Participant: 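Take a look at the following structure, please.
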Amino acid sequence: MSEASETIFSKIVRREIPADIVYEDDLAIAFRDINAQAPVHILVIPKKPIPKLADAQPEDQALLGHLLLVVQRVAAQEGLTQGYRTVINTGEDGGQTVYHLHLHILGGRFMAWPPG
Ligand code: DGP
């Protein structure tokens, strides 16, 4: 998959393609993963198209922290009181397929360890 910064997630941010959006603020948006791997599977993304975690810069520090607080908020909104897993796939070995930074929230079932 290419690392062009314009991805399908930018189109979701701009409402050019539909998504089941569960949260939005000035900096971030969260929507249900189209290929859910758990009863709850949501992606939290920055509106700024950072391709992958390895590309984030020191000036993104506050944004990265904000994304974690959005994860916390969305998980609470989804009723994930038993816990949840947060995953950031980075690059080829990380299994990343969409090159717009995103945090997976997986919940609603027990998450095995180690992951595949
Ligand atoms: P990753 O492997 O970490 O890059 O995960 C990308 C995720 O994005 C994958 O779980 C499927 C999801 N996805 C890909 N295209 C779309 C889409 O058009 N809409 C939604 N809602 N999710 C998508």
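Everything quoted here is computed from the prediction, not taken from an experiment. Scope of the values below: all heavy atoms of this structure, side chains included, with no hydrogens, waters or symmetry mates. All ligand and atom numbering here is 1-based and tracks the order in the structure.
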Participant: Can you tell me how far the CD1 atom of Ile88 sits from the CD atom of Gln96, to the nearest 0.5 Å?
Facilitator: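 If we round to the nearest 0.5 Å, Ile88:CD1 and Gln96:CD are 10.0 Å apart.
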
Participant: Show your reasoning for whether salt bridge (Lys or Arg N to Asp or Glu O under 4.0 Å) applies to Asp60 and Lys48.
Facilitator: CA-CA 10 Å; Asp60 297 316; Lys48 176 181 177 180; 2.6 Å; yes

Participant: Among residues at least two apart in sequence or on other chains, which ones pass ring pair (Phe, Tyr, Trp, His ring centres under 6.0 Å) with Phe9?
Facilitator: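 Here the qualifying residues are Phe31, His102.
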
Participant: About how many Å separate CD1 of Ile105 and CZ of Arg32, when rounded to the nearest 0.5 Å?
Facilitator: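 The CZ atom of Arg32 sits 10.0 Å away from the CD1 atom of Ile105.
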
Participant: Closest approach of Gly107 and Ala38, non-hydrogen atoms and distance?
Facilitator: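 Heavy-atom minimum between the residues: O-CB, 3.5 Å.
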
Participant: Indicate, as side chain, backbone, both or neither, the part of Leu43 found under 4.0 angstrom from ligand 1 when only non-hydrogen atoms are considered.
Facilitator: side chain

Participant: When rounded to the nearest 0.5 angstrom, what is the spacing between CD1 in Ile29 and CD in Glu24?
Facilitator: 4.0 Å

Participant: Relative to the heavy atoms of Asn89, which atoms of ligand 1 are at a distance of less than 4.0 Å?
Facilitator: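 Answer for ligand 1: 1 (P), 2 (O), 3 (O).
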
Participant: What I want to know is whether Thr97 and ligand 1 share at least one N or O pair that is separated by under 3.5 angstrom.
Facilitator: yes

Participant: I need the nearest protein heavy-atom contact for atom 22 (N) of ligand 1: residue, atom name and distance, please.
Facilitator: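 For atom 22 (N) of ligand 1, the nearest protein heavy atom is Ile34 N, 3.2 Å.
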
Participant: Is Ile8 touching ligand 1 with its side chain, its backbone, both, or neither, if touching means heavy atoms under 4.0 Å apart?
Facilitator: side chain

Participant: What pairs with Ala36 under side-chain contact (heavy atoms from CB on, under 4.5 Å), at least two apart in sequence or on another chain?
Facilitator: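 Partners of Ala36 under the side-chain contact (heavy atoms from CB on, under 4.5 Å) test: His41.
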
Participant: List the closest protein heavy-atom neighbour of atom 11 (C) of ligand 1: residue, atom name, distance to the nearest 0.1 Å.
Facilitator: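 For atom 11 (C) of ligand 1, the nearest protein heavy atom is Asp33 OD1, 3.2 Å.
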
Participant: Identify, for atom 14 (C) of ligand 1, the protein heavy atom at the shortest distance, and state residue, atom and that distance.
Facilitator: Val98 CG2, 4.0 Å

Participant: How far is atom 1 (P) of ligand 1 from its nearest protein heavy atom, and which residue and atom name does that atom have?
Facilitator: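 Nearest protein contact, heavy atoms only, for atom 1 (P) of ligand 1 is His102 NE2, 3.1 Å.
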
Participant: Look at ligand 1 and say whether Gly95 reaches it with a heavy atom at a distance under 4.0 Å.
Facilitator: yes

Participant: Taking C-beta and beyond as the side chain, do Leu106 and Val87 meet within less than 4.5 Å on heavy atoms?
Facilitator: yes

Participant: With only distance considered, is Phe9 within less than 3.5 Å of ligand 1 through an N or O on each side?
Facilitator: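 No, there is no polar N/O contact under 3.5 Å.
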
Participant: Work out whether the distance between some heavy atom of Gln37 and some atom of ligand 1 is less than 4.0 Å.
Facilitator: no

Participant: Which ligand 1 atoms does His104 reach within 4.0 Å, using its non-hydrogen atoms?
Facilitator: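 It comes down to these atoms of ligand 1: 1 (P), 3 (O), 5 (O), 10 (O).
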
Participant: Any N or O on Arg32 sitting closer than 3.5 Å to an N or O of ligand 1?
Facilitator: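 Yes, there is a polar N/O contact under 3.5 Å.
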
Participant: Would you compute the distance between atom CG of Leu53 and atom CG of Asn89 and round it to the nearest 0.5 angstrom?
Facilitator: 11.0 Å

